[in-house]
Amino acid sequence: MSTSSPPSATATDPAPVSLASGQTDPDRAGLTRLGLPRLDMIDRLRGLVIALMVLDHVRDYFHRQAFAFNPTDLDQTTPLLFATRWVTHLCAPSFVFLAGVSIFLQGMSGKSRAELSRFLLARGVWLIVLELSVIVFGFQFLWPFLFLQVIWAIGAGMIAMAALLWLPRPLVLALGVAIVAGHGALGGFDPARLGALAPGWTLMMRPGVLPGIEGFVAYPALPWIGLMLLGYGIGPLFVLPRARRARALAALAVAMLIAFALLRLAAIGDPSPWRRMPDPLFDVLSFINVSKYPPSLQYALATLGVSLLLMLALERLRGPLREVLLAYGRTPLFTYLLHIYLVHGAALAIGVASGIPAAVFVGILSHPREVFESGWGLGLPAVFAVWLAILALLYPFSRWFARLKQRRRDRWLSYL
């Protein structure tokens with residue numbers, strides 16, 4: 001192993017974390033695969049957002065109105081449906097942000113810049129390959145089809161970080177802030193002005209379709225890369241002693257939420273401004289109804305602020321629920337891949353048993369109107385029941401794989 005210093009070891013960063021001093025942190029439980037003391041708070045938050053992500057996809061495939069209208073459309077939704085969708089807004093930014101934090105922590109384990117850069121490049125390419133093959137097939141049960149979403153965005157971010165980690169960490173943080181805060185200013189740009197390069201704008205900046213390719217880009221990469229850079233940039237906060245870490249993260253979370261509220265009132269940082277509604281409850285829903293595609297500045301502040309507060313709350317979690325969240329959170333990619341096939345497969349099986357043609361569930365993203373008109377779908381209470389059943393099915397597999405990764409150090413396990 002090269003002796004050159006890791007990417008995070010700058011004059012302003014803390015020394016690599018070690019348990020050799022005999023000091024213990026109640027939030028640390030054992031070591032990661034790289035030998036770094038594991039922060040359970042990160043795994044617990046990952047586990048929680050995985051559970052919420054499963055809820056979102058169960059709603060997508062099982063709710064009777066999922067293919068009829070957007071659940072955050074205040075002119076058609078109900079408060080419960082809106083809340084069911086809004087809480088899942090926490091998933092993608094948390095995944096991407098924590099990926100950036102994890103890259104910082106990998107650097108703290110003693111890997112050289114070159115080693116970490118090679119790993120990030122390889123893993124980023126691997127994630128994009130998975131998105132274009134195994135993942136999209138799971139969502140569609142049909143291939144080829146282009147559906148670029150969060151795994152693609154994380155893969156693109158890792159490829160970017162493979163180069164950017166050679167820069168000083170404060171500069172990476174500043175770049176992340178600039179991207180998250182500034183990309184929305186280009187919302188009015190007409191990509192047609194780029195001519196043959198217009199598809200690159202769709203891949204990087206705004207959701208849309210690519211010429212001659214069936215499918216769509218749901219997660220343009222650049223705004224999400226900005227969130228990953230933020231996670232990497234504030235990584236040193238996660239290796240502070242527990243009390244200082246809690247104070248720093250709480251202060252950051254509160255500052256984000258205050259900034260969100262001020263920007264929302266000033267109608268800055270989101271293309272969909274808050275509007276007064278006849279019902280006071282819908283007034284509140286309108287206030288938090290921020291734009292995810294692409295993620296606006298207000299969206300990033302609101303979701304990351306809430307996620308950081310949840311992370312701190314999860315530090316105190318004990319009992320069986322803690323173990324369930326840790327199983328999901330320590331196997332995020334494995335659990336993600338497995339849940340897609342479980343959710344879509346369960347929808348197909350239950351739908352066919354209910355008399356819905358199997359063809360309705362094949363290529364489902366290509367014909368949403370046909371799904372709605374088929375009569376398929378359950379009410380929200382039944383959707384929640386299916387969600388809990390899917391989580392119960394996932395748990396033993398996630399726990400098994402988490403224990404496998406704990407016991408073994410095979411290189412291939414680092415890619416799942």
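Basis for what follows: all heavy atoms, side chains included, without hydrogens, waters or symmetry-related copies. Everything quoted here is computed from the prediction, not taken from an experiment.
Each ring-ring contact (aromatic ring centres under 6.0 Å, His included) pair with one or both residues in residues 301-331, not counting sequence neighbours, would appear here, but there are none. Sorted by first and then second residue, the side-chain hydrogen bond (donor to acceptor under 3.5 Å, both in side chains) pairs with a member in residues 51-65 read Asp56-Arg59, Asp56-Arg85, Asp56-Thr88, His57-His339; sequence neighbours excluded.
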Side chain to side chain donor-acceptor pair (under 3.5 Å) evaluation trace for Ser112 with Glu115: CA-CA 5 Å; Ser112 71; Glu115 290 171 318; 3.3 Å; yes

Give the intermediate values and the outcome of salt bridge (Lys or Arg N to Asp or Glu O under 4.0 Å) for residues Lys405 and Asp43. CA-CA 14 Å; Lys405 293 179 73 173; Asp43 290 331; over 6 Å; no

Chi angles and distances behind the side chain to side chain donor-acceptor pair (under 3.5 Å) call for Arg403, Thr331: CA-CA 10 Å; Arg403 291 176 175 175; Thr331 59; over 6 Å; no

Kindly determine whether Met311 and Arg44 satisfy side chain to side chain contact (heavy atoms under 4.5 Å, CB included), including the steps that lead there. CA-CA 7 Å; Met311 177 187 288; Arg44 291 177 206 173; over 6 Å; no

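The aromatic rings of Phe334 and Phe401 lie parallel to each other, their planes meeting at an angle below 30°, with 60° marking the opposite boundary. Classification of the Phe287-Trp274 ring pair by plane angle, with boundaries at 30° and 60°, yields perpendicular.
Between His344 and Phe361, the shortest heavy-atom distance links the atoms NE2-O, 2.7 Å.
The pair Arg242-Glu315 meets the salt-bridge criterion, with a side-chain N (NZ, NE, NH1 or NH2) lying under 4.0 Å from an Asp/Glu carboxylate O.
Aromatic pair Trp376/Phe62: centroids less than 6.0 angstrom apart. A centroid separation of less than 6.0 Å is found between the aromatic rings of Phe216 and Phe147.
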